[in-house]
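To find a chain, count down the sequence lines: A is the first, B the second, and so on, and within it residues start at 1.
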Amino acid sequence: MELSKNYIPAIVEEKWYKHWLSKDYFKSLPTGQAGEPDNRPVFTVVVPPPNVTGVLHMGHTLNETVQDILVRKARMSGFNACWVPGSDHASIATEAKVVDMLKKEKGIDKKDLSREKFLKYAFEWKEKYGGIIYNQIERLGCSVDWSRVNFTMDDHYYKAVIKVFVDLYNKGLIYRGARMINWDPAAKTALSDEEVEYKEVTGKLYYIKYKIAGNGQNSTTDFITIATQRPETIMGDTAVCANPNDGRYTQLKGEKVIVPLINKEVPVIFDDYVDKDFGTGILKITPAHDINDYNIGLKHNLPVVDTLNEDGTISEAAQIYISEDRFIARKKIVEELREKGLLVKEEEYTTRLGYSQRTNVVAEPKISTQWFVKMKELAQPALEAVTSGKINIHPRDKFSATYKYWLENVKDWCISRQLWWGQQIPAWYDEDGKFVVAESEEKAKEIFNKQYSTNNIQLKQDEDVLDTWFSSWLWPIEVFNGITDPGNKDINYYYPTSVLVTGQDIIFFWVARMIMAGMEYMNEKPFSDVYFTGMVRDKQGRKMSKQLGNSPDLLHLIHEYGADAVRFGIMISSPAGNDLLFDEGSLEQGKYFNNKLWNAMKLLKMWEEKQLAKGNGQLAITNNQFAIEWFENRLNEVRIEVDILMKQFRLSEALKTIYSLIWDDFCSWFLEWIKPEYGHSIDKEIYNSAVSFFDDVLQLLHPFMPFITEEIYHLLKERNDDLIIKQFSAVNQPEKKILQIGNKLKELITSIRDARNKHHVKPKDTIKLFIETDDEKSYQPIKDILSKQVNVENIHFSSQPKTSSITIVVGKEKIYIETNIEVDVTAQKEKLLKDLDYLKTFLNTIDRKLRNDRFVQNAKAEVIELERKKKSDAEAKIRVIEQSLSSLN
RNA sequence: GGGAGCAUAGCUCAGUUGGUUUAGAGCAUCUGCCUUACAAGCAGAGGGUCCGCGGUUCGAACCCGUGUGCUCCCACCA
């Protein structure tokens, strides 16, 4: 077969994804009627469902890649791997996009549509865009179980959400009430506190004159000046307020002031809340449009005048500027105040404004009747799950402090949204506004009749839908039907899931609430580990966004570099928990790595054609047997290392380790060692070992780069199995001695090259070598390898007690090759004294460590054992050095 | 205002109980090589007061204190 010069990903990727699907490798075991799961341990991951609104961005790509790596590794380690895909209906975000689309593409206004019609359009949208996301997940190579796709508006899921709402209501954990909430004037809906993002903006502070009513007998002036950022809310003022200890204003006690423009009299009140030193020390109280004012209003029993409509225009209650947009009204009001001489001054001022996360407009604090979840009770078990260590947060517990703080200070959750796209709140009202909560209209009627002793009354369902997170928080449970069919086989088997991989930005929205729901409905954590990935930013550290155009298109990247290279690139530079600055350079590195693998495969294929029976013909100038032993041990060493790293979720380090094993150890050393001389063929047995090692490194790499590894696995030889399901065998402990010799060899060869350069020895000059050792046999491979590297005239072994140093003589000069472990007695006295000094201080430390109470208490027994061993080694070396010194003297 | 984190080569980052590191990798730069798997490669080179200062220690990139700079989260100062 003719192999292409370079690796071409496109065809390969499509071929293998289809093949894996056709073999049902991604399918977790069925647990329905037919099959009980076998006795393999289970590894469950539920995908953080992306919003159906768009396409996968780089943050998703990172998440999905991390999950796929963990899932594939688990699958190859004997687990029944179950990775559940799906998407989120993303209530407000999707509704906003559908409304937008309808207007732009069809010229339809939402208000001209019935709820049913609108939902039809929304579902059409979901079909179209949900497909795009699923396609991207496929192209990335994610081994998700497509038979388990869930969508948060699926029928069963919808029922689950309603069931949970009713249940929490009946438990008294959901209530309806008028509270100050955050209002999105663009989407015309309530928001939860978490959906408001605060941004620093420069605004203006306007100083406005309020006349004192009546004669102002007690006052020395006839007006006061009040600073505000929001002059358009003065029509909603119901008081002005000063600090009771502020001498400037105490005289105003009992007075009234006149709100400008509308000439309304409001009282002067006093409250400790007011900061004497800010602004003019007196502020206007607008209970309808500010949370602080609202609280003061409650305390002082002030009326509430809501001067804003749902869309952010001025309401009739304001009396003036009715129907003007709030920001236009602000300008006009300032103008009018200025004309009337009531504007004292304007000041530049930076403040933080709350923006709706989805529509990006300034959110308005607004008093509104909404549905809320009481959070305190639910938070307690969720807090305990993390503090007790039942759930581990990675990396390194970085976010557990944030998590704890939020839960300890959690406020009630506003869950109703004035939207259509979502689960409609299962509350039914009569004409008077009396209501009941039930899972269906029939049940509602039943309860209503019983409760209010009525008969056959018409009820109307609440128009609002639930916050999208009120459905997502059930995700790890309901994807296994754990709410709608509690105790079914799937939920019992797959729950709790193994690990949740997600962005740190949704720790409150989703992670904390999932833990609450898990504890409430399963009495069990939803996952054992949480791994937070960082934000993906562009090279300049900016957030990826459409407006900036710095968010690359995933499919385009895959087209350009190949899916494996994209996965490699995003993982290799992915510091755990820190933000990742996306750089296409690392994707390029991945592409080069693909090619390296491809060429190594080509080399083996070349050898395959002309290999010889054992011992037949290959020039026996290299000790291939040692190369094989060494690489085998090196491989084991790396496998152990990688296992540890992956258990600690240090995936980028694991990938780096594998990369270096393949590039440096396998390609640059192993394949070069066993490479036959030009024109000769390779020994069959050695060839087979090489193929078998290649299999092993491919297996290690497969979770990270699934496509090319599977392709090469099959090109290397005919197989009946596939790499994706090849099970890792038990790892043998590597032999330290062999690894040491291997390292020493590398060191030697490098030194010889250096020596050549430094002493201007040409490659073909003769180099004399003296190797002094107490273990001639183990250095035989060094001799063999060296003879390949240099034209050796003489390699001399000498056995001396207590020595294991190596001396290489190049020309007339001696070069000492030292290692830190072994003692080189041919060195100079100064060096020996230095070594002695070092060892003695080293011993001191160990003694101190062993004596240190805290250390002993915390350390495991084996660590102490290790310290003792270090100590006795050091002592032995000291004796050697001291003997040598005395012999030098 | 409260909390968390970060600061190591031109860039992105490793460096996990302080000791085989006179600080490593990849990219970028420079110098040789189209050498019979691989120029998407190979062989080399240059480049670092490990943010400043102080402390603990025989020994600090690592621990402690402090200063500076940056990022993020939370919070009701008009």
Query raised in the report: Given the P atoms of B:U12 and B:A39, what is the spacing between them in whole Å?
Result: 31 Å
Counting any heavy atom closer than 4.0 Å, what does [X] reach on the DNA or RNA strands: base, sugar-phosphate only, or nothing?
X: A:Arg230; value: nothing
X: A:Thr280; value: nothing
X: A:Phe278; value: base
X: A:Lys284; value: nothing
X: A:Tyr349; value: sugar-phosphate

Report task. Mind telling me whether A:Phe670 and A:Phe693 have parallel, tilted or perpendicular rings, with 30° and 60° as the class edges? Result -> perpendicular
Requested in this report: Taking only heavy atoms on the protein side, list every residue of residues 656-668 of chain A lying under 4.0 Å from any atom of RNA chain B, sorted numerically.
Outcome: A:Lys656, A:Trp663, A:Cys667
Query raised in the report: Among residues 586-594 of chain A, which contact RNA chain B at a heavy-atom distance under 4.0 Å?
Result: A:Gln589, A:Lys591, A:Tyr592
Query raised in the report: Within the modelled atom types, does a donor on one side and an acceptor on the other bring the side chain of A:Lys596 and the base of B:C38 under 3.5 Å apart?
Result: yes
Query raised in the report: Can you give the dot-bracket line for RNA chain B, using ( ) for pairs inside the strand, [ ] for pairs that cross earlier ones, | for pairs with another strand and . for unpaired bases, where Watson-Crick and G-U count if both distances are under 3.5 Å?
Result: (((((((..((((.....[....)))).(((((.......))))).....(((((..]....))))))))))))....
Query raised in the report: For the pair made of NZ in A:Lys199 and C1' in B:C73, what is the distance, rounded to whole Å?
Result: 16 Å
Requested in this report: Could you pick out which residue, A:Val274 or A:Gln648, lies toward the 5' side of RNA chain B when each is mapped onto its nearest nucleotide?
Outcome: A:Gln648
Query raised in the report: Choosing from B:A78, B:C74, B:G15, which nucleotide comes nearest the side chain of A:Tyr405?
Result: B:C74
